[in-house]
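Structure, as C-alpha cells:
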Amino acid sequence: MPGPLLVDSLVRSLQVGSLYALMALGITLTMSVIRLPNFAHAEYITVGAYTALVVSLAVSSNPVVILGLSALAAALVALICHFAVFRPLEKRNPSTYTMLLASFSVGLILRYILFLLVDRFDLFDRRIAVPLEIWYRSNSIILTNVFFWVVPTTLGLVLALSALLNYTPLGREMRALANNFELARVIGIRVERVKSLTWILVGLLAGVSGALWGIYSSVNPLMGWLAILSVFAAAIMGGMSSFVGTILGAYLVSFSENTVMQLLNYYLGLDFSFKPAVPFIIIILVLLLRPQGFTEFFNRARGLQR
Amino acid sequence: MRKMSIVGILALLLLVIAMPASAQDEIETYVLGVAQPFTGPLGSFGTDFSKGIELAVEEMNAELEAAGSNVRFEIASADTEGTPDGAARAVQTIVQTTGAQVIVGPLTTSEVLGAKQFVDENDIVIVAPASSGAAAGIPDDNIFRVIYPSDNFAARAFAEIAVSRGYQNVAILHVDDPFGNGLSESFTADFTELGGGEVVSIGYAPDPTDLTSEATSLSAEVSRLMSAGDTAVLCVCFLADAQKLFQVTMIDPVLTSVEWMGIENLANPELLADAGHAELLQNANFISVSFVDTQTPLSQPFVDAFTEKFGAEPGPFTNYAYDAANIAMLSMLVVDNDGAAVSEILPFVSNHYIGTSVQAYLDANGDQAIARYGIYNVSEDATEFTLVGTYDGSSGELSLNE
C-alpha cells in the first residue's frame, strides 16, 4: 500500500476515532454510574446534531455557539428521559434487561419523534452550515478545520471529565456511586442529585459529539443509530467502565473500520461492503477473549474504576 | 304468543328469500393491496404514495357507482418498513388477511425482490410504481414495474455521455444493493460495448456511517486509471451518502482533478446548499441524468384533485403510485380479482394507459419501456441544476449541449 495512502488513512482514522470516543464516553459514564447500557444515547447524539443544524441555519454559524447549544439541547433531552422514564422505572427495582429494553424504547420513541419533525420541516439529509476549510496541507496530509475541532475537543473533554471525576466533590460522589451504590446511599450521598447531574453530563457529551459528527458528515434521523454499534464496540473494549479504555477502544474500532479495512481491500481484495461487520467482529472477539475489555490495564489509573 | 313469534320469523325469512335478485345484489368488493414504507427513512414517500393510491381508488369507485357497476375497490395497507424482509411480511399479511391478489408497491427494488418469492409462489401480482433496479427486470414473472423505467436506460445514458465526453476509464462508487449493483453492472457492459476502457467498481454497504476508507480507495483507483487516459467518477450514491463522500473528496487532490457523473437523486439543489460541495460539483463538471416527466392531459387534473383532497400538493413521484393503482384496478375490472389472470392482462391494459406523466408501455420483463431522460449540470452560479441535454432510451439518441 502506498505510503501517502496509508498516512491519509491513519489521519482519517484518528478523526473518526475521536468522534467515536466522544460518543462512547457518554455510554461508559451511563453504564458506570447509572448502571444502564443506554441505547437511547444514539438519539441524544442525533438531537445534538439536529440542534446544530437548526442553530447553524437560524442563529449562528459560529462553532462555539453551535456546539454549546447542541450540548444543552441533548442534556435537556437526557434529563427529561431520566425523569420521565428511567427514574420511575428504577424505583421498581428492575433488572438490567428491563432497563435495557426501556432504553431501546426511549430511543425508538425519540427517533420517530425526530422523523416526524424532520419530515414536517423538510430537514432530511441536510448539511450543518459550517464550511469545511483546509487548515494544513503537506505532500501526504491534508487537515481540515473539522479535524482541528474534533481531536482537541475530544482530548479537552476527556481531560475535563477526568478532572471533574478526580478533583471535585461531584466526581468523588459519582465514583462512590459507581463502586457501591448502597454504600454511597448509606454514607449520605444524594444519589438522585448525582444521577441527574450524570445524565446532564452524558447529554452534554452526546450533544457535542452529535454536532461534530453532523459537521463531519450530514444530518438525518438515523445518524446516531447507525453509529451506535461502532460506539458500543468502543465502550465494550473499555469494559464499559474505563474512560481511557473506551478512548483506546474508539481509536481501535475506527482504525479497524478504516485503515485495516483499506489494507484488507488493497492486499486481499476484500469488499468495502464488509465494513459494517468490523464492529461486530470486534465485540465478539472482546467478549470471547477479554470480557473485561481493557479495564484491567487501567483499573488503577484512570476513570471510575479505581 | 310464542307461536306468533315463530310465524313472524318464518315470514321474514321467506320475504328475504323471495326478494328480487337486484335488491340482494350486494356490492362486490375487490381488495387492492398497498405495500409501502410508512416508517423509516422512506416513510414520507410511502405516506404520499398511499395518498395517491387512495385518490385513485376514490375516483374509480365514484366512476363505477355512476356507471351502475356493483364493483367497488377498497384498500388494505401494510408497512414494508423500507426493507426486503418487511416487504415480504407486508405482502404476505395483506394477502393472507384480505385475500388481495394485486398489490401496489413496494417502493424500492430491494423491497420488490424481498417480496418476489411469495408473490411468484402464490400468483399474486405486484405493480411497483417506482422500482427501477435492473436486478428486478425478470421476464415471465408477476412483477410489473410501470411508469418509471429500468435503470438499464440510465446506465446506457451514462455510458453514452462518458463516450461523448471522451472518458477512457471510469471509477464507480456505488451502494452495494440491487439498485447500485445493477446500475454499475449495466454501465460497465454498455461502456465496454461502446468502446470505453477500464471500469473499476467500489461498492459500499447501505446506510454507511462514514465513507472515509471508500473515498481513499476511490482516490487511489482514479490515480491509477488517470495514467492510462482521461478518467471520470460515476457516483451511484444516495443523497446522504454523497454528502458524506463529498466531505472527504472535496479536499482530495486526485478526486477534485477529475470529472464526475452522478445518479438522478444527486441532481438535488440540497447538495448545492453547501458551498464546498457546490464548488466541488461545478469544478468536476458534474453531470446527472434524470427521468423526465412530461405533461399529459391527466397531469394537472391529478395535481388539482390531490391538492383538493389532501390540502397539499403531491410529493415527488406520487403520481406514479396513482397511475400504478389505476393500471392495477383497470386490469382487475377486466378479468376479476384473480392474480394469474391479472398477470396476463396487465401488460395489455398498461400499454393502453395514458399516465399522469408518461405513456405506460411495458417491455418483455414487464418494465416501463418508454424512457426519456433530461441531462443536467451545475449552473454557472452553482445554485441550481440546469438542463443541458436529453437522452431517449427508446431510440438511444443522445443530445448534449454543454
Side-chain angles (χ1 to χ4, degrees), chain A residues 1-2 4-6 8-9 12-13 15-16 19-20 57 112 115-116 118-119 122 124-134 137 142-144 146 213 215-223 225-231 254 257-262 265-266 271-277 279, chain B residues 39-45 47-48 173-177 180-181 201-221 223-224 238-248 250-254 256 265 268 270-280 315:
Chain A
M1 189 170 176
L5 200 64
L6 185 63
D8 185 55
S9 177
R12 292 179 202 271
S13 293
Q15 181 167 297
V16 175
L19 287 164
Y20 284 168
L57 294 174
Y112 282 95
F115 264 118
L116 286 174
V118 165
D119 195 28
D122 192 20
F124 273 105
D125 300 332
R126 299 290 289 270
R127 287 268 310 123
I128 295 171
V130 175
L132 196 71
E133 295 165 10
I134 295 173
R137 185 195 291 268
I142 295 173
L143 301 178
T144 65
V146 175
W213 186 250
I215 291 170
Y216 171 66
S217 58
S218 69
V219 182
N220 68 60
L222 284 174
M223 59 182 291
W225 179 244
L226 292 176
I228 204 70
L229 271 175
S230 301
V231 172
S254 170
E257 284 183 346
N258 292 292
T259 309
V260 172
M261 192 64 229
Q262 199 124 33
N265 176 265
Y266 190 85
D271 207 281
F272 282 108
S273 305
F274 288 96
K275 198 161 99 169
Chain B
T39 56
L42 299 171
S44 56
F45 283 105
T47 308
D48 253 15
L173 185 75
H174 68 90
V175 59
D176 188 2
D177 69 1
N181 294 339
S201 289
I202 299 171
Y204 65 88
D207 297 325
T209 51
D210 173 47
L211 286 170
T212 299
S213 44
E214 290 84 345
T216 310
S217 187
L218 180 68
S219 176
E221 288 292 352
S223 180
R224 181 180 68 78
F238 298 119
L239 181 62
D241 305 347
Q243 288 170 326
K244 288 168 191 159
L245 176 71
F246 292 167
Q247 281 295 93
V248 186
M250 63 194 277
I251 56 165
D252 186 296
V254 175
T256 48
N265 60 358
N268 185 329
E270 182 54 37
L271 270 181
L272 305 178
D274 185 293
H277 294 182
E279 190 184 342
L280 167 74

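Throughout, protein chains are lettered first and strands after them, A, B, ... in sequence-line order, and every chain is numbered starting at 1.
For the atom pair CG of A/Asp125 and CG of B/Asn268, the computed distance is 9.0 Å after rounding to the nearest 0.5 Å. Atoms CZ and CG, on B/Phe238 and A/Asn220 in that order, are 13.0 Å from each other to the nearest 0.5 Å. To the nearest 0.5 angstrom, A/Thr144 atom OG1 is 9.0 Å from B/Met250 atom CE. Distance check: B/Leu239 CG to A/Ser218 OG gives 7.5 Å after rounding to the nearest 0.5 Å. Note that OG of A/Ser273 and CG of B/Asp177 are 9.5 Å apart. Values are rounded to the nearest 0.5 Å.
For the set B/Asp176, B/Ile251, B/Thr39, the count of heavy-atom pairs under 4.5 angstrom toward chain A peaks at B/Ile251. Counting heavy-atom pairs closer than 4.5 Å to chain B, the top-ranked of the candidates A/Val118, A/Ile142, A/Leu19, A/Leu229 is A/Ile142. Chain A forms more heavy-atom pairs under 4.5 Å with one residue of B/Val248, B/Leu271, B/Asp252 than with any other, namely B/Val248.
Residues passing the salt bridge (Lys or Arg N to Asp or Glu O under 4.0 Å) test with A/Lys275 are B/Glu214, sequence neighbours excluded. Remark: A/Asn265 engages A/Phe272, B/Ser217 in a side-chain contact (heavy atoms from CB on, under 4.5 Å) (not counting sequence neighbours).
With a threshold of 4.5 angstrom between heavy atoms, A/Leu5 approaches chain B through its backbone and through its side chain. Heavy-atom distances place the side chain of A/Leu222, and not its backbone, under 4.5 Å from chain B. Neither the backbone nor the side chain of A/Leu116 comes within contact range of chain B; no heavy atoms are under 4.5 Å apart. Heavy atoms closer than 4.5 Å to chain B are found nowhere in A/Ser13, neither backbone nor side chain. Heavy-atom distances place both the backbone and the side chain of B/Asp207 under 4.5 Å from chain A. Residue A/Ala129 does not touch chain B at all, counting heavy-atom pairs closer than 4.5 Å.
Few gaps surround CZ on A/Phe124; more than 12 heavy atoms of other groups in view lie less than 6.0 Å from it.
Between the side chains of B/Thr216 and A/Tyr266, no donor-acceptor pair of N or O atoms lies under 3.5 Å. With no hydrogens or angles considered, a side-chain donor-acceptor pair links A/Tyr216 and B/Asp210 at under 3.5 Å.
Under the side-chain hydrogen bond (donor to acceptor under 3.5 Å, both in side chains) rule, A/Arg127 has a single partner from B/Gln243, B/Gln247, B/Glu270, which is B/Gln247.
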